Amino acid sequence: MKKTILGVFIMMMGLFFVSCGGEKDLKTVVESAQKDGANWTEDEWKDAFKSVMKASKPMLEEAVSFKKEMEGKSEEEQFKIAAEIMEKMEKFTELQKQITDFNAAAEKTEIGKKLIEDDNFQKEAAKELGMEKLMEEM
């Protein structure tokens, strides 16, 4: 049951984590991906993925924290914690929407799809962004 709750929670978070290293505003990156992504090079997609990953870092940190909090708890306690988590994670609603929109734009392109499925790229990007340990804990 614990794994089910955690799995549903993680799925809710839209954790198709992509990475980005630029300082671009996430909304701008998402809009650009939707508008021009079909014409982007692989390097442009990689930069965009890194931006999205970097923007998702605070949400991931909280998700990992909640995951640790649930470990070793009874099902009843997990349900209580899950309810608290849902409330606390509401602040990330817009971020979740932007990640979902970005992933949808990426899925529409050959390069975007390839990078979503490229575990090595995601690991390298996480390492580059100092998020390697965080991604491992997810």
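It should be emphasised that the depicted structure is a prediction, and the values quoted were computed from it without experimental measurement. Only heavy atoms go into these numbers, but all of them, side chains included; no hydrogens, no water, no symmetry mates.
- Interatomic distance, CG of Asp36 versus OG1 of Thr109, reported as 12.0 Å (0.5 Å rounding).
- Heavy atoms of other residues, nucleotides or ligands lying less than 6.0 angstrom from CD of Glu110 number 12 at most.
- Side-chain atoms of Glu31 and Asp101, non-hydrogen and from C-beta on, never get closer than 4.5 Å to each other.
- Heavy-atom minimum distance, Lys113 versus Glu107: CE-O, 2.8 Å.
- Taking 4.5 Å as the limit, every side-chain heavy atom of Leu129 sits out of range of all side-chain heavy atoms of Lys57.
- If you take OG1 on Thr28 and CD on Gln98, they are separated by 9.0 Å, rounding to the nearest 0.5 Å.
- Listed by chain and number, the residues in a side-chain hydrogen bond (donor to acceptor under 3.5 Å, both in side chains) with Glu124 amount to none (sequence neighbours excluded).
- Taking every heavy atom of both residues into account, Val29 and Ala48 meet most closely at CG1-CB, 3.8 Å.
- Between Ile81 and the options Glu69, Lys67, Met86, a side-chain contact (heavy atoms from CB on, under 4.5 Å) holds for only Glu69.
- In this structure, the separation between CE on Met70 and CD on Gln78 is 4.5 Å, given to the nearest 0.5 Å.
- Between Glu62 and Phe92 the shortest side-chain heavy-atom distance falls below 4.5 Å.
- Residues satisfying the side-chain hydrogen bond (donor to acceptor under 3.5 Å, both in side chains) criterion with Lys68, sequence neighbours excluded, are Glu137.
- Under the 4.5 Å side-chain criterion, counting only non-hydrogen atoms from C-beta, Leu115 is not in contact with Gln122.
- The shortest distance between side-chain heavy atoms of Ile111 and Trp40 does not fall below 4.5 Å.
- In this structure, Phe66 and Lys88 have side chains that are in contact, with non-hydrogen atoms separated by less than 4.5 Å.
- In this structure, Glu42 pairs ionically with Lys46, as a charged nitrogen and a carboxylate oxygen lie closer than 4.0 Å.
- Scored by the side-chain hydrogen bond (donor to acceptor under 3.5 Å, both in side chains) test, Lys123 finds no partners at all (sequence neighbours excluded).
- Using a 4.5 Å cut-off on side-chain heavy atoms (C-beta onward), Lys91 and Met59 make no contact.
- Taking the six-membered ring where the residue is Trp, the centroids of Trp45 and Phe121 are separated by 6.0 Å or more.
- If you take CG on Asn103 and CD1 on Ile116, they are separated by 5.0 Å, rounding to the nearest 0.5 Å.
- Taking 4.0 Å as the cut-off between side-chain N and carboxylate O, Glu76 and Lys80 count as a salt-bridged pair.
- Closest of all the heavy-atom pairs between Ile99 and Ser56 is CD1-CB, 3.9 Å.
- Within the 3.5 Å criterion, the main-chain N or O of Gln96 finds a donor-acceptor partner in the side chain of Thr100.
- Not a single donor-acceptor pair under 3.5 Å links the side chain of Glu117 to the backbone N or O of Lys114.
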